[in-house]
Amino acid sequence: MNNGGPTGDVHAVAVDDRGVLVRGHAGARLSMLLHGRRVWSFAVARDGRRLSETEFLIPWPRDLQPHLHGTADLVFLDVGTGERLTARASLGGGSGELTLTTERGKPLALDKHGRLQRTFDTIPAEHRVNVVEGILAAIGLLDDHGVEAFVTYGCLLGAVRDGRLIGHDDDADISYLAASQHPFEVIRESYALQRLFQAAGWRTVRMSGADFKVVIPQEVVGARQVAIDVFTSFRREHELLMMPNVRTELPDSALLPRGRVTLEGREVPAPADAPAVLEAAYGPGWRVPDPSFKPAWERTSRRRTTGWMRGERRNLGFWNQHWSRAPGRGPSGFAAWVADHAPAGSLVEVGCGRGEDAMLLASGGRPVLGLDYSPVALRAAGEAVAEAGVGTARFEHLNLYDTRQVLARGGRLAREGHAAVCARMLVDALTEDGRHNLWRLARSALRGSGGPLLLEFATRETRGVPGGRRRDVVPAAQVARELAAYGFIAGEPATVPWTGDDDDPRVQRLVARMEGVSPDVRTQER
């Protein structure tokens with residue numbers, strides 16, 4: 001995939017533990033080959049840090065870092081010019097040969113989202129045929145219920161280019177034209193179609209109001225499970241919107257009646273005007289392969305579809321990766337502090353992660369509701385509480401960047417009535433709008449009980465948290481001012497050591513109460 005013209009020459013490439021140093025043309029797009037196989041693609045200027053007028057350092061992706069031990073001769077292919085440059089790698093102090101495989105020796109590569117996966121170019125041809133069989137099975141189920149679906153995005157692009165699945169992709173995409181134009185009715189239709197797949201025994205994951213993922217059982221397509229994104233396309237006045245974020249003035253006739261394309265030797269349904277649809281999605285350079293391609297969605301289009309269909313998903317990928325890799329640590333000292341300072345009754349922990357603190361707080365029979373943004377964290381929390389048999393702890397999803405969801409959840413919490421709300425290392429992990437939604441949520445939950453809001457957050461900017469994400473550190477005085485705007489009076493913060501595993505040596509703990517509920521608000525010491 002390509003969204004630009006020629007990239008120019010790359011003069012030199014060098015490799016060290018920091019990443020890849022490129023000297024030459026800033027517009028180059030490179031694929032790194034290990035043992036002749038693509039494992040990573042990047043755009044120099046977009047993904048790198050400028051060191052000088054002609055030098056860029058492209059850091060190693062997070063998913064690659066644990067594997068960078070050993071030596072290898074790496075090849076860097078300029079996808080625009082075909083130029084190849086080699087670099088000898090000796091990384092991580094390893095003396096053996098650098099490899100990138102599963103525990104069973106199956107080759108891995110980074111997909112378009114930067115995740116280490118079995119991409120299509122790492123699986124046998126017969127398994128790629130299984131993927132297409134899965135696509136046909138999914139489209140056939142929708143056909144049986146009067147919905148004309150067709151391949152889109154990467155599947156359509158690969159089919160039109162050379163009749164094959166794109167090598168650096170790892171899932172399949174289909175779409176359909178919704179019967180309604182109103183966003184609410186579009187969402188209802190998408191949910192109804194999701195229930196059809198569930199009734200057929202296929203696992204589904206809701207991605208937004210207008211798209212979901214299905215995983216077709218292995219018995220349907222053979223040895224390899226197939227993940228397929230089912231995207232909605234819908235008309236809104238003169239515009240055609242194709243989830244997730246494509247907005248175009250193409251007519252409905254660009255989609256229906258369906259055409260046909262060949263993919264891995266099988267004919268599959270396609271949009272009526274496939275080239276026009278591909279240009280709307282990828283730009284005029286769509287015919288030229290570019291494994292480093294990332295869509296530059298128009299801001300207004302992204303905001304519109306986000307508002308209608310999906311809510312804000314800022315940093316969700318980071319937190320899912322973080323919780324899938326972070327080691328279990330058990331309950332924190334903050335949990336014991338909350339237990340000492342929270343009155344009797346039910347408690348809400350916002351940003352509960354894997355639920356280790358919530359389970360400690362619930363171990364004496366206290367009802368505890370843990371809320372978190374990451375489905376990975378919530379799944380781990382649910383498994384842990386089931387194994388431990390802590391029946392008074394429950395875990396549910398909350399997106400603090402979706403104000404509508406926050407207001408709805410706040411109404412529920414107000415009806416339920418809770419004695420306290422707590423949040424550990426969350427204030428400094430949120431941007432400003434997320435923090436304000438945290439204060440809104442706490443106000444709703446505590447207005448009836450007058451209970452405390454108990455916080456722990458970083459005191460200064462750190463070099464990073466595990467995984468490299470910088471904290472958005474806010475002074476305690478600013479936190480107090482923000483809380484005051486939502487009706488809270490904050491006590492003086494207490495600074496305490498922190499026993500976490502990153503480099504932030506001190507945190508602050510703060511207790512706030514609703515103004516007018518408790519006139520005696522004092523600093524809570526550890």
Side-chain angles (χ1 to χ4, degrees), residues 7-52 54-124 167-170 289-292 321-322 324-327 463-464 466-469 501-503:
T7 62
D9 294 330
V10 177
H11 300 149
V13 174
V15 174
D16 61 25
D17 286 336
R18 298 174 301 165
V20 179
L21 180 68
V22 177
R23 299 184 182 93
H25 197 284
R29 293 165 289 111
L30 305 179
S31 285
M32 187 178 85
L33 311 182
L34 175 63
H35 306 308
R37 179 172 54 81
R38 189 206 73 89
V39 296
W40 176 32
S41 300
F42 55 88
V44 173
R46 183 194 66 203
D47 301 322
R49 177 165 55 90
R50 185 185 288 274
L51 301 181
S52 70
T54 59
E55 292 182 325
F56 287 83
L57 176 67
I58 299 87
W60 295 113
R62 175 192 170 112
D63 274 23
L64 273 185
Q65 292 172 11
H67 301 270
L68 298 177
H69 299 279
T71 60
D73 290 316
L74 300 175
V75 175
F76 291 85
L77 171 67
D78 186 317
V79 300
T81 66
E83 181 182 6
R84 290 173 175 255
L85 293 103
T86 60
R88 180 65 177 171
S90 181
L91 302 171
S95 58
E97 186 178 21
L98 183 66
T99 60
L100 194 61
T101 62
T102 68
E103 292 181 356
R104 296 183 177 182
K106 303 295 184 181
L108 294 170
L110 290 176
D111 69 5
K112 57 190 175 186
H113 303 293
R115 299 172 303 203
L116 202 56
Q117 303 278 4
R118 297 290 312 282
T119 51
F120 289 145
D121 55 8
T122 68
I123 66 175
H168 55 272
D169 211 347
D170 67 338
D290 179 8
S292 70
Q321 288 189 342
H322 171 76
S324 68
R325 290 170 171 78
R463 288 197 300 273
R469 183 158 196 81
D501 66 353
D502 69 22
D503 58 357

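Count residues from 1 along the sequence.
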Student: OG of Ser52 to CZ of Arg23: how many Å apart, nearest 0.5 Å?
Tutor: 8.5 Å
Student: Please report the closest heavy-atom contact between Val79 and Pro291, naming both atoms and the distance.
Tutor: CG1-CD, 3.8 Å
Student: So, the side chain of Trp60 versus the backbone of Asp16: is there a donor-acceptor pair under 3.5 Å, distance only?
Tutor: yes
Student: What closest approach, in Å, do Arg38 and Leu110 show between heavy atoms, and which atom pair accounts for it?
Tutor: NH2-O, 2.7 Å
Student: Between Asp170 and Arg118, does any NZ, NE, NH1 or NH2 come within less than 4.0 Å of an OD or OE carboxylate oxygen?
Tutor: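 Salt bridge flag = no for Asp170 with Arg118.
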Student: Just how far is it from atom CG of Leu57 to atom CZ of Arg18, taken to the nearest 0.5 Å?
Tutor: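 It comes to 5.0 Å.
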Student: With a 3.5 Å distance limit and no angle check, can you tell me whether Thr99 reaches the backbone of Thr101 through a side-chain donor-acceptor pair?
Tutor: no
Student: For side chain to side chain contact (heavy atoms under 4.5 Å, CB included), just list the numbers for Leu74 and Leu34, CA-CA rounded to whole Å, side-chain angles, deciding distance to a tenth of an Å, and then say yes or no.
Tutor: CA-CA 6 Å; Leu74 300 175; Leu34 175 63; 3.7 Å; yes
Student: Report the distance from atom NZ of Lys112 to atom CD of Gln117, rounding to the nearest 0.5 Å.
Tutor: 11.0 Å
Student: Determine yes or no for a side-chain-to-main-chain donor-acceptor pair under 3.5 angstrom, with His35 supplying the side chain and Leu100 the backbone.
Tutor: no
Student: Starting from the C-alpha separation in whole Å, work towards a yes-or-no answer on side chain to side chain contact (heavy atoms under 4.5 Å, CB included) for Phe42 and Phe76.
Tutor: CA-CA 10 Å; Phe42 55 88; Phe76 291 85; 4.2 Å; yes
Student: How about CZ on Arg49, more than 12 heavy atoms from neighbouring residues, nucleotides or ligands closer than 6.0 Å, or not?
Tutor: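 No.
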Student: Show the nearest heavy-atom pair for residues Asp121 and His168, with the distance to one decimal.
Tutor: OD2-N, 4.0 Å
Student: Are Arg84 and Asp78 packed together at the side-chain level, in the sense that at least one heavy-atom pair is separated by less than 4.5 angstrom?
Tutor: no
Student: Flag the pair Leu108 / Thr102 as yes when at least one side-chain heavy-atom distance between them is below 4.5 Å, and no otherwise.
Tutor: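 In short, these two side chains touch, coming nearer than 4.5 Å.
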Student: Looking at Thr119 and Ala109, what are the two nearest heavy atoms and their distance?
Tutor: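 Shortest heavy-atom separation between Thr119 and Ala109 comes out as OG1-CB, 3.6 Å.
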Student: Does Leu30 reach the side chain of Ser41, with side-chain heavy atoms less than 4.5 Å apart?
Tutor: no
Student: Carefully, step by step, assess Trp40 and Val20 under the rule side chain to side chain contact (heavy atoms under 4.5 Å, CB included).
Tutor: CA-CA 11 Å; Trp40 176 32; Val20 179; 3.7 Å; yes
Student: Salt-bridge test for Arg115 and Asp63: reply yes if a basic N is under 4.0 Å from a carboxylate O, no otherwise.
Tutor: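 Here Arg115 does not pair with Asp63 in a salt bridge, since their nearest N and O are not under 4.0 Å apart.
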Student: Between Val15 and Leu21, is there a side-chain heavy-atom distance shorter than 4.5 Å?
Tutor: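 Side-chain contact under 4.5 Å: no.
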Student: Could you tell me whether the side chain of Asp17 and the main chain of Gly92 form a donor-acceptor pair under 3.5 Å?
Tutor: yes
Student: Would you give the length of the straight line joining atom CG of Leu85 to atom CE of Met32, rounded to the nearest 0.5 angstrom?
Tutor: 14.0 Å
Student: Looking at every non-hydrogen atom in both residues, tell me the closest pair between Leu98 and His67 and how far apart they are.
Tutor: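 For Leu98 versus His67, the nearest heavy atoms are CD1-O, 3.1 Å.
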Student: To check you understand the geometry: which heavy-atom pair defines the closest contact between Ala43 and Arg29, and what is its length?
Tutor: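 Shortest heavy-atom separation between Ala43 and Arg29 comes out as CB-CG, 4.1 Å.
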